[in-house]
Amino acid sequence: MKKLKLGYAPTRRFVFSAEDAFRYKVMIKEKIESFGMDIDIVDLEGLNTEGLLYDDNINADLIADRFRQENVDAVFFPHCNFGTEDTVARVGKALGKPVLLWGPRDESPLEDGMRLRDTQCGLFASGKVLRRFNVPFTYVTNSRVDDPVFERGFTNFIAAANVVRKFRNLRILQIGPRPASFWTMMCNEGELLERFGIEIHPITLVDIQRASKRIESGNSAELAEAVDYIKAKLDWSEVTEADVKRIAALKVAMKQYAIQTGSTAIAIQCWSSLQDTMGIMPCLANAILTDEQIPVTCETDIHGAITSVMVQAATMNQHPTFFADLTVRHPENPNGELLFHCGNFPVSLTVEDKPKLRKHFLFDDHAPGTHEGEIKGGGMTLARFDGDHGEYQLFLGRARGIQGPYTRGSYVWVEVNDWPLWEEKLVKGPYVHHSVGIHANAIPALYEACHYIPGLTPDPVDPTEREIQAWLRGAGL
């Protein structure tokens, strides 16, 4: 997977110490490299003798050209003594990428009363000029290089920038239309393209059926690998060898189509035409692909697929998502809820060593292909991108796994802070019964990413918007 590229543009102003600014340029870069994030850093070395942004005579165009040629995904302007705000704003405007503004906290004045740096003042200036240029930016509290608030703010910005770059390059492979009775899965394809640049690549169930049959009748290494995976990771005693091979072939066909079309996620009509024509359910194939960082959503849920890519990106693609129905309340816990789907949660998340590959328990044909079992609990983020009437929001909430009664399918019981509040917000919209979960705190990054996506409003229920902002400023450290 392509690494996120960060443009590193440390800046100073001529009236303060150039030597101290250079020292901080080196110190800050070493610090962000120590955070262990899998990113590439593109700096200004070679554009001038200092590798610093300090004189507009260097030309903002030269800096912007370097970052464009390197195809950076975001830009960081650490203010190393004060900062050259006009050039910072010009570069930020020219690139149109997420911008991070921060500077190291100043030391005490020297004995003679002189100051080597005036970083905070420079930040005030750059913030104002960025606003004049209509450049959205992220600000991290003026703090020392070793202060945890800097690490928190920087790493969250990188995660948010990763969400933005994935969102801006979204293409969803749509396999079949939505089920006829699922009006909740309607989406405005033209508006998604016009508003956000999101592309939908539709194919029919006949297309995927033909591809699956071709793969099933062959002996490719991809098919053998998928069959071996299913047999090694799941208890498949309730289905036949032919069922396993057919499920594996579907998984390979879906992945090949995603790669060929440049799609980053898939939305599939999982019932009922597919099992009528192929004799299997796609649930396990969906689960395996989601584990492989190609999230698949059921019932042709395009908005769910968009959510899955965003949530996955917010963790720097370090965790798999799971796509769940919000179904029933816990029989005893007033703030408990069942997250469930027929059998599509990633195998890597299951509690059992070998979860069961079974036949569908609801539909009359009982086609094989559902991967059933409870998944692990712990802290998690639940999210949903959705919209109607031309307005789009991103629901955000945190939950934790709890004990609950056994149920069929893929499932986990969770507890939230105030389920009646959640329920009211979800019912009154613009949301539906589908959500995307991930075992990580993705909320601050998703919240911050919305600032760079015009037309998308963050809608956090827990924590609140004020609590997220306080956390980003260092609360709880």
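- Between Thr141 and the choices Arg105, Arg473, Arg152, the side-chain contact (heavy atoms from CB on, under 4.5 Å) rule is met once, by Arg473.
- With salt bridges taken as basic N to acidic carboxylate O contacts below 4.0 Å, none links Asp73 and Lys97.
- Under the ring-ring contact (aromatic ring centres under 6.0 Å, His included) criterion, the residue pairs touching residues 434-453 are Phe322-His439, Phe323-His434, His341-His434, Tyr447-His451, with sequence neighbours excluded.
- Minimum heavy-atom separation, Val416 to Arg398: CG1-O, 3.9 Å.
- Enclosure of atom NZ in Lys213 is not indicated, since only 12 or fewer non-hydrogen atoms of other residues, nucleotides or ligands lie within 6.0 angstrom.
- Within 6.0 Å of atom CD in Glu391, 12 or fewer heavy atoms from other residues, nucleotides or ligands are found, so the atom counts as exposed in its surroundings.
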Give the C-alpha distance, both sets of side-chain angles, the deciding distance and a yes or no for ring-ring contact (aromatic ring centres under 6.0 Å, His included) between Trp413 and Phe340. CA-CA 8 Å; Trp413 291 92; Phe340 154 92; over 10 Å; no
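- A distance of 6.0 Å or more separates the ring centres of Phe345 and Tyr411.
- In this structure, Phe395 has its ring center under 6.0 Å from that of Trp422.
- Taken to the nearest 0.5 Å, the CZ atom of Arg408 stands 10.0 Å off from the NZ atom of Lys356.
- Side-chain atoms of Gln174 and Gln269 include no donor-acceptor pair closer than 3.5 Å.
- Looking at Asn162 and Asn317, their side chains come closer than 4.5 Å, going by heavy atoms from C-beta outward.
- Here CD of Glu225 is found 8.0 Å from CG of Asp228. Values are rounded to the nearest 0.5 Å.
- Within a 6.0 Å sphere centred on CD of Gln256, heavy atoms belonging to other residues, nucleotides or ligands number more than 12.
- A salt bridge links Lys251 and Glu292; the closest N-O separation between the charged side-chain nitrogens and carboxylate oxygens is under 4.0 Å.
- For the atom pair NZ (Lys233) and CG (Leu357), the distance works out to 15.0 Å, reported to the nearest 0.5 Å.
- Ile266 CD1 to Leu173 CG: the interatomic distance, rounded to the nearest 0.5 Å, is 5.0 Å.
- Of the possible polar contacts, one joining the Glu467 side chain to the Thr464 backbone as a donor-acceptor pair under 3.5 Å is found.
- The OG1 atom of Thr370 lies 10.0 Å from the CG atom of Asn344; values are rounded to the nearest 0.5 Å.
- Between the Arg195 side chain and the Gly190 main chain, no donor and acceptor come within less than 3.5 Å of each other.
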ring-ring contact (aromatic ring centres under 6.0 Å, His included) between Trp102 and His79: does it pass, once the steps are laid out? CA-CA 6 Å; Trp102 172 83; His79 283 43; 9.5 Å; no
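- Judged purely by atom type and a 3.5 angstrom limit, Asp207 uses its side chain to pair as donor or acceptor with the backbone of Thr204.
- Formation of a donor-acceptor pair under 3.5 Å by the Arg168 side chain with backbone atoms of Leu170 is not found in this model.
- Using a 4.0 Å cut-off between charged side-chain N and carboxylate O, Glu216 and Lys245 make no salt bridge.
- Taking the six-membered ring for Trp and thresholds of 30 and 60 degrees, Phe196 and Phe385 have ring planes more than 60 degrees apart, a perpendicular arrangement.
- Not one N or O on the side chain of Ser308 forms a donor-acceptor pair closer than 3.5 Å with the backbone of Pro295.
- A side-chain donor-acceptor contact under 3.5 Å links Glu337 to the backbone of Thr327.
- The number of heavy atoms from other shown groups lying within 6.0 Å of NZ (Lys359) does not exceed 12.
- No salt bridge links Arg246 with Glu241; every basic N to acidic carboxylate O contact stays at or beyond 4.0 Å.
- Evaluation of the side-chain hydrogen bond (donor to acceptor under 3.5 Å, both in side chains) rule for Asn134 yields no partner, not counting sequence neighbours.
- The backbone N or O of Ile172 lies less than 3.5 Å from no partner atom in the side chain of Thr264, so there is not a single donor-acceptor pair.
- Between the side chain of Glu372 and the backbone N or O of Gly409 there is at least one donor-acceptor pair closer than 3.5 Å.
- By the 4.0 Å N-to-carboxylate-O rule, Asp386 lies close enough to Arg384 to be salt-bridged with it.
- Using modelled atom types, no side-chain atom of Thr350 and backbone atom of Gly373 make a donor-acceptor pair closer than 3.5 Å.
- Considering Ile438, Leu396, Leu339, Val436 as possible partners of Leu382, the one that fulfils the side-chain contact (heavy atoms from CB on, under 4.5 Å) test is Leu339.
- Between Thr381 and Ala440, the shortest heavy-atom contact is OG1-O, 2.7 Å.
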Taking it one step at a time, do Phe77 and Phe137 satisfy ring-ring contact (aromatic ring centres under 6.0 Å, His included)? CA-CA 10 Å; Phe77 294 104; Phe137 63 93; over 10 Å; no
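- Considering only heavy atoms from C-beta on, Ser212 comes within 4.5 Å of Met278 through its side chain.
- Of the possible donor and acceptor atoms, one in the side chain of Lys5 sits under 3.5 Å from a partner among the backbone N and O of Glu70.
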